J.: 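So that we are looking at the same thing, I have put the structure below in structure tokens.
Residue numbers begin at 1 in each chain, while the letters A, B, ... track the order of the sequences. These figures come from a predicted structure and were not determined experimentally. Values below: every heavy atom of this structure, side chains too, minus hydrogens, waters and symmetry copies.
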Amino acid sequence: MNLESSIQSIVKDAVSKLYALEVELAQIQIQKTRKDFKGDLTVVTFPFVKAAKKSPEATGQEIGEYLQANNGLITGFNVIKGFLNLNISKNYWLQLLNKIRSADNFGYNMDGDCEIMMVEYSSPNTNKPLHLGHIRNNLLGYSIAQIQQANGWKVVKTNIVNDRGIHICKSMLAWKLFGNGETPESSGLKGDHLVGKYYVEFDKAYKAEVKALIEKGMTEDDAKKSAPLIQQAQQMLVAWENHDPEVYALWEMMNGWVYAGFDETYKQLGVDFDKIYYESRTYLDGKAKVEEGLRNGVFYKREDGSVWADLTADGLDEKLLLRADGTSVYMTQDIGTAALRYNEYDIKKMVYVVGNEQNYHFQVLALLLDKLGFEWGKDLVHFSYGMVELPEGKMKSREGTVVDADDLISEMIDTACETARELGKLDQSSEEEIEKIARMVGLGALKYFILKVDPKKNMTFNPKESIDFNGNTGPFIQYTHARIKSVLRKVDELNIATDVPVTENLPLSDKESNLVQLLSLFPAIVREAGQEFSPAVIANYIYELVKEYNQFYHDFSILREENPELKYFRIVLSAAIADAIKKGMYLLGIDVPERM
RNA sequence: GGCCCCGUGGCUCAACUGUAUAGAGCAUCUGACUACGGAUCAGAAGGUUACAGGUUAGAAUCCUGUCGGGGUCACCA
């Protein structure tokens, strides 16, 4: 039983004996005492004042006296308004630190039954390079996989690549028409950027055609449909579906360039996948599954031959699943991919990391999968995250306001490198080491910046101001870790044994016991982050821990402390905190350096 | 228009399973290295939590309405 629940039950006894009031344990609020008040834990006494028929202060006083008499760990208390602040014995915190140290993998809750959770994230189209929006997706997806793993799930990270469709044909067509055989090798351009370039070329040429047609008197709608380029692209899609050898070869070659480009970006970003699905191979399964649903009467066919799902009974609309010509739509493909995954893995929980503009889509998908008999369909998690906006609004590829992923990553690393040199931090390090650290710090800044924000919310990203390295940032946390490691290296040189428990009856300051208390919350935070699907919960916790530690570090000496046992306690505390920082950042997909 | 989400100091974010003086960081101003790492620490200034009602002992948080912003309502993915 932990301290909080034992206090809860004593409070229950107290109000029962003192005021003949029976309350549920869960209703008794115990919280960490707020910063500006004296104490470790706080009991909220307002719910009891009515029964007590006394002022909140008097009630708090009475309950406080009862608690102190009945729990040896409570060494004192004070009452402010209706808040009963309890002081907990310093020895309790010392013992707790020993427990934390000896805990097996402290912070991670690996006692689950290890069932499979599949996390789908990234899911790019193969017609243009990744941008800032994908970065948020990738970081969230990777981090949530790490977090769920730390909560006892066996996580399978997966990616569904949108490698077919009209958008790919546009790039292909433009390359064929204007490319002059340009390749990544011949131009030195990264594959995905090269293909993206032709996607833009297509758009330009297409718009020019449309404009010309409108000037000849055509309506805009007609012009858009009858422009030669779009018609050619559509023909190309049909040819692709019929496996026309020439088109297929072109498609394979250009997709190959894009994959190589994406792999590079993923590697830079430090994310990976256990299993990659390609839409070009799953869309046919979707059709099969829909036809099965049609036979079972789950879906129905209209006169023109198109297949629909009627969700009006569930408060939604009717949804198209197969076009009249038998070709599939987005939803069909998601059903197909689901079917394939369901056959390949014993999935207990399916998580889709997809932007919140698709909330409706996933609401529908959950219903459809359920109707089709997928056990996890109804409970699928749409990990819906907000958009990344620029100060001037949404990113728009047409207006060239898209922040490219590769550019951003390398800028971050460059900035980290410059900053390190300016500060003269790494004068003794080799070039290779500097590069390695700059990468960690630059990426750490980017990742933390994005992950510290509640994923559900839209966020603003200002590329000009770039990302700070001071304050509530990744580097701030990394710095603290490096600093502790530096102290620990000295400890090592001094040959201080660090494998024995800390002793009791030390004159701990409130700052120190508070740090132990904060540290002890780590496992609960990891659990909460898993339940809430929120890396931000971990990011904010680590920040708080680090901030507290830095204050301690500033105000107290570690190695110069004269009392050897207290000195040892501080070493152990620092090491435990460095460990928690590292583990927490690991869950965010952020590396922490030994020095920086 | 229907449905969904959001509105917190100049800026970026916390707190949103109700509870103390609404917390941080950036930017601004002022301090702290003969110290274990100054990418740090301390302090100042800056908010009637969009607005108006309601529920409550207690509301940024819950309810209703208004205003403002975003998303979605495709035989695009």
Side-chain angles (χ1 to χ4, degrees), chain A residues 26 29 31 33-37 42 44-47 49-50 56 80-83 85 123-125 127 162 164-168 279 302 304 306-308 315-317 319-325 327-331 333-334 355-361 363 384 386-387 389 391 393-394 416 419-420 422-423 425 441 445 449 452-454 456-462 465 467-480 482-491 532 536-537 539-540 543-544 546-547 550-561 567 570-571 574 595-596:
Chain A
Q29 276 192 63
Q31 45 194 243
T33 300
R34 281 178 51 162
K35 239 182 178 174
D36 300 331
F37 300 92
T42 296
V44 181
T45 65
F46 293 109
V49 295
K50 218 177 205 169
I80 295 172
K81 298 194 178 170
F83 298 91
N85 301 320
S123 312
N125 290 346
N127 62 331
N162 279 311
R164 61 169 285 280
I166 190 77
H167 52 287
I168 317 294
E279 210 177 88
R302 285 190 182 171
D304 65 356
S306 57
V307 178
W308 295 73
L316 303 176
D317 297 328
K319 194 77 194 173
L320 176 85
L321 297 173
L322 283 178
R323 296 187 187 104
D325 63 3
T327 56
S328 53
V329 293
Y330 182 31
M331 192 60 80
Q333 291 153 17
D334 263 348
N356 63 10
E357 75 272 18
Q358 291 191 34
N359 285 353
Y360 183 73
H361 174 82
Q363 214 181 326
S384 162
M387 337 216 84
E389 284 163 3
K394 245 187 118 176
T419 309
E422 269 170 33
L423 294 171
K425 290 281 179 182
V441 173
F449 183 87
K452 77 174 178 190
V453 181
D454 182 346
K456 291 197 289 282
K457 292 188 174 171
N458 288 1
M459 63 178 291
T460 308
F461 181 89
N462 189 337
E465 287 177 14
I467 293 169
D468 229 298
F469 286 43
N470 305 315
N472 184 359
T473 66
F476 170 78
I477 293 165
Q478 290 171 319
Y479 173 75
T480 307
R483 200 193 214 181
I484 296 174
K485 285 295 173 175
S486 167
V487 174
L488 294 178
R489 279 191 293 273
K490 293 209 165 61
V491 169
E532 305 284 317
V537 166
N540 291 328
Y543 175 65
E544 200 190 333
V546 162
K547 197 165 165 48
N550 277 335
Q551 286 167 9
F552 157 77
Y553 183 90
H554 184 265
D555 294 343
F556 295 83
S557 287
I558 300 172
L559 297 178
R560 264 183 301 277
E561 168 58 42
K567 171 169 154 182
R570 288 178 184 163
I571 291 169
S574 299
R595 59 190 94 218
M596 65 184 269

J.: Treat a base pair as Watson-Crick or G-U wobble with both distances under 3.5 Å, then lay out RNA chain B in dot-bracket form, 5' to 3', with | for cross-strand pairs.
T.: (((((((..((((.....[...)))).(((((.......))))).....(((((..]....))))))))))))....
J.: How would you label the contact of A:Asn127 with the nucleic acid (heavy atoms, under 4.0 Å): base, sugar-phosphate, or nothing?
T.: nothing
J.: Taking all non-hydrogen atoms of both residues, which atom of A:Leu321 and which atom of A:Val329 are closest, and how far apart?
T.: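 Between these two residues, the closest heavy atoms are O-CG2, 3.7 Å.
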J.: Distance check needed: B:C4 C1' versus A:Leu316 CG, whole Å only.
T.: 12 Å
J.: Hey, could you give me the CZ/NZ distance between A:Phe37 and A:Lys81, rounded to the nearest 0.5 Å?
T.: 7.5 Å
J.: Grab the CG-C1' distance between A:Asp454 and B:A14 for me, whole Å please.
T.: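 Rounded to the whole Å, the gap is 10 Å.
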J.: Would you please say whether a donor-acceptor pair under 3.5 Å links the side chains of A:Asn359 and A:Ser384?
T.: yes
J.: Which part of the nucleic acid does A:Ser574 contact within heavy-atom distance under 4.0 Å: base, sugar-phosphate only, or nothing?
T.: nothing
J.: Mark this stacking check for A:Tyr543 against B:A24 as yes or no, applying ring centres under 5.5 Å and ring planes under 30°.
T.: no
J.: For B:C63, does the O4'-C1'-N9-C4 or O4'-C1'-N1-C2 angle fall within 90° of 0, making it syn, or is it anti?
T.: anti
J.: Answer yes if the ring centres of A:Phe476 and A:Tyr543 are under 6.0 angstrom apart, and no otherwise.
T.: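 Aromatic pair counts; centres sit under 6.0 Å.
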J.: Measuring from A:Arg302:CZ to A:Leu320:CG, what's the distance to the nearest 0.5 Å?
T.: 8.0 Å
J.: Keeping A:Lys490 on the side-chain end and A:Leu559 on the backbone end, is there a donor-acceptor pair under 3.5 Å?
T.: no
J.: What does nucleotides 67-77 of chain B look like as a protein-contact string, B for base, S for sugar-phosphate only, - for none, at under 4.0 angstrom between heavy atoms?
T.: ----SSS-BSB
J.: May I have the distance from A:Glu544 (atom CD) to B:A24 (atom P), rounded to whole angstrom?
T.: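 One finds 10 Å between P of B:A24 and CD of A:Glu544, rounded.
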J.: Measure CG/A:Asn472 against P/B:G23 and give the value in whole Å, please.
T.: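 Distance check: A:Asn472 CG to B:G23 P gives 16 Å.
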J.: Going 5' to 3' through nucleotides 35-43 of chain B, assign each nucleotide B (protein heavy atom under 4.0 Å from a base atom), S (under 4.0 Å only from sugar-phosphate atoms) or - (no protein heavy atom that close).
T.: SBBSBSSS-
J.: Please state how far atom CG in A:Asn359 lies from atom P in B:C4, giving the value in whole angstrom units.
T.: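 It works out to 12 Å between those atoms.
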J.: When you compare the side chain of A:Ile467 with that of A:Phe461, does any pair of heavy atoms fall below 4.5 Å?
T.: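 Contact flag for A:Phe461/A:Ile467 side chains = yes.
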J.: Stacking check: are the rings of A:Phe46 and B:G58 less than 5.5 Å apart at their centres and under 30 degrees in tilt?
T.: no
